[in-house]
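First up is the structure itself, then whatever we jot down about it.
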Amino acid sequence: MRIYRIRGGEPLKGKVDISGAKNAALPILAATILTDETITLENVPMVNDTLIMVETLRNLGATVDYIDDNTLSINTSTISKYRVDNPSIKKIRASYYFAGALLGRYRQARVPLPGGCNIGGRGLDMHEKGFKSLGAEVKITESEIIVDGTKNDLVGTRMYMDKVSVGATINIILASVLTPGKTIIEGAAKEPHVVDVANFINGIGGHITGAGTDKIRINGVPKLRGGSYAVIPDQIEAGTFMMAAAITHGDVVVNNVIPTHLDSISSKLREIGCKIEEADDWVRVIGPEGRLRRTQVKTLPYPGFPTDMQPQISVALGLADGCSTVVESIFDNRFMYVNELKKMGCNIVVDECTTAYIDGVEYYQGANMTSPDLRAGAALVLAALAAQGQSDIDGIEYIERGYENFDKKLRNLGADIQKLEV
Ligand code: EPZ
């Protein structure tokens with residue numbers, strides 16, 4: 001078993017370079033299926049989830065070569081099957097993007113039901129509704145999503161999303177790019193990674209407008225070409241390092257970011273007493289000398305405060321002066337880390353799985369903890385960095401699903417963190 005062993009108490013100081021966005025890279029990797037020509041993708045984070053996507057592309061028959069750790073050359077013209085069946089794909093949520101991409105390109109797909117973090121119910125009804133609106137038959141069995149667009153011609157249409165869903169918005173884009181006619185998605189997700197997928201597709205000949213607003217229009221084109229594209233920086237990795245600076249009372253320059261993507265995080269950090277400076281592609285976070293201040297947080301779709309930063313800010317508020325409330329409005333069970341955090345002395349109670357009441361304590365005490373999911377695991381690392389004494393955190397394979405070289409980047413900022421085989 002691999003663990004992080006952390007001795008807390010060091011203020012993080014220095015500069016950190018942010019990797020490419022996992023949640024943009026995953027659908028863009030699937031989107032390479034939409035063209036027969038070669039794609040060069042840069043700034044792809046080397047994390048477990050992207051490695052599984054690459055393995056799946058290869059398993060389908062595509063050629064994927066690593067030019068360096070973060071640059072891939074991909075040619076999917078040799079794809080020879082439409083059923084995704086490599087066992088590791090079941091571990092990740094983004095597997096559903098193969099349904100949209102294979103449906104869009106080959107009019108059929110069979111994909112195992114998605115796995116991913118256990119953070120509450122994660123329905124597929126919006127994906128199903130989108131595919132059906134385009135004219136595909138959709139069957140969701142106990143183990144698979146089966147989509148079939150061979151019986152009726154797929155055709156562009158207008159659809160209304162009942163919930164704001166990142167995955168469904170992107171999946172409908174993937175399925176409709178090569179579908180004749182105009183597809184309009186009303187109530188679309190506005191997250192930066194939705195925009196990044198649209199920019200990638202437009203760069204190789206697609207015709208998508210409105211990405212980043214709640215109304216996206218896709219004019220079907222007959223064919224896409226090849227090209228090069230660099231994935232945007234990871235909003236959540238950047239936010240996690242910003243929170244690490246705050247919680248350790250440090251001073252960190254977070255490089256290679258798009259500051260506007262971080263506005264909701266920067267604004268909360270200011271509220272709790274941090275100083276924020278920003279320029280074109282960096283943000284500097286200076287933690288307060290005294291205690292952090294209390295606040296209220298509610299997670300919301302972009303541009304609101306991201307659910308993927310909820311555990312990290314809750315951990316910071318556990319050390320704030322006074323009582324804070326954190327409302328999770330996207331997922332119905334995203335407080336799985338709370339029992340672990342209590343081991344450190346955090347004074348936190350969760351009501352109905354959606355609202356955390358936190359009465360800040362002056363310090364955390366090191367503890368042995370298990371990471372329950374990706375962002376919660378990162379949050380426990382932050383708590384350990386701020387704690388007195390030593391903490392061991394296992395379950396770090398979750399953290400490595402989404403953070404490239406997390407321990408190394410933290411060490412470069414002065415953290416006392418080791419990855420050990422125990
Ligand atoms: C994406 O998940 C991200 N995952 C998540 O990041 C992120 O937390 C989430 O978007 C919200 O920003 C990837 O991009 C791979 P949703 P996704 O569809 O697409 C409900 C991380 O830590 N819903 O926007 O699965 C759903 O249950 C991960 O990197 C339906 O009810 O999220 C949830 O309550 C964790 N029916 C809400 O909508 C549907 O058909 C938002 O889900 C689809 C979603």
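For this chain, numbers begin at 1 and follow the sequence in order. Just follow the structure's listing: the first ligand is 1, and inside any ligand the first atom is 1. Being a predicted model, the structure only gives us computed values, none of them experimental.
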Which of the numbered atoms in ligand 1 are under 4.0 angstrom from any heavy atom belonging to K163?
30 (C), 31 (O)

Please name the residue in the list D49, D373, N48, T50 that meets the side-chain hydrogen bond (donor to acceptor under 3.5 Å, both in side chains) test with R401.
D49

For G167, counting its heavy atoms only, list the atoms of ligand 1 lying under 4.0 Å from any of them.
18 (O), 19 (O)

Just by distance, with hydrogens left out, do T38 and N75 show a side-chain donor and acceptor under 3.5 Å apart?
yes

Looking only at heavy atoms, is any part of H193 under 4.0 Å from ligand 1, and if so is it the side chain, the backbone, or both, or is it neither?
neither

What are the atoms of ligand 1, with element, lying closer than 4.0 Å to any heavy atom of Y96?
2 (O), 17 (P), 19 (O), 25 (O)

Only one of D69, D68, N405 passes side-chain contact (heavy atoms from CB on, under 4.5 Å) with M46; say which it is.
D69

With a 4.0 Å heavy-atom cut-off (strictly under), which part of V166 contacts ligand 1: side chain, backbone, both or neither?
both

Part of M126 with heavy atoms under 4.0 Å of ligand 1, whether side chain, backbone, both or neither:
both

Go through the steps for T299 and E328 under the test side-chain hydrogen bond (donor to acceptor under 3.5 Å, both in side chains), then give the verdict.
CA-CA 5 Å; T299 63; E328 171 57 61; 3.2 Å; yes

What protein heavy atom lies closest to atom 4 (N) of ligand 1? Include the residue and the distance to one decimal.
N23 ND2, 3.8 Å

Any idea which protein heavy atom is nearest atom 6 (O) of ligand 1, and the distance to it?
D308 OD2, 3.0 Å

For the CG atom on D153, are there more than 12 heavy atoms of other groups (residues, nucleotides or ligands in this structure) within a distance under 6.0 Å?
no

Please tell me whether F241 and Y403 form a close aromatic pair, meaning their ring centres lie under 6.0 Å apart.
no

Using a 4.0 Å cut-off to any heavy atom of H127, which atoms of ligand 1 qualify?
40 (O)

of all protein heavy atoms, closest to atom 41 (C) of ligand 1 is I330 CG2, 3.7 Å

Going by atom types alone, do T150 and Q108 pair a side-chain donor with an acceptor below 3.5 Å?
no

Which one holds for D125 and ligand 1: side chain close, backbone close, both close, or neither close, with close meaning a heavy atom under 4.0 Å?
both

Atoms of ligand 1 less than 4.0 Å from T307 heavy atoms?
8 (O), 11 (C)

Taking atom NZ as the centre, does K15 end up with more than 12 heavy-atom neighbours from other residues, nucleotides or ligands that are less than 6.0 angstrom away?
no

Distance only, no hydrogens: is a donor on one side chain within 3.5 Å (strictly under) of an acceptor on the other, for S324 and Q296?
no

Which of the atoms of ligand 1 are close to K22, meaning less than 4.0 Å from one of its heavy atoms?
21 (C), 29 (O)

Considering only heavy atoms, which of P114, G123, S165 lies nearest to atom 39 (C) of ligand 1?
G123

When you measure from atom 27 (O) of ligand 1 to every protein heavy atom, which one gives the shortest distance, and what is it?
G121 O, 2.9 Å

Nearest neighbour in protein (non-hydrogen) for atom 29 (O) of ligand 1
R375 NH2, 2.8 Å

Look at atom 35 (C) of ligand 1 and find which of E191, R93, M161, R334 reaches it with the closest heavy atom.
R334

Less than 4.0 Å between a side-chain N and a carboxylate O, is that true for D162 and K129?
yes

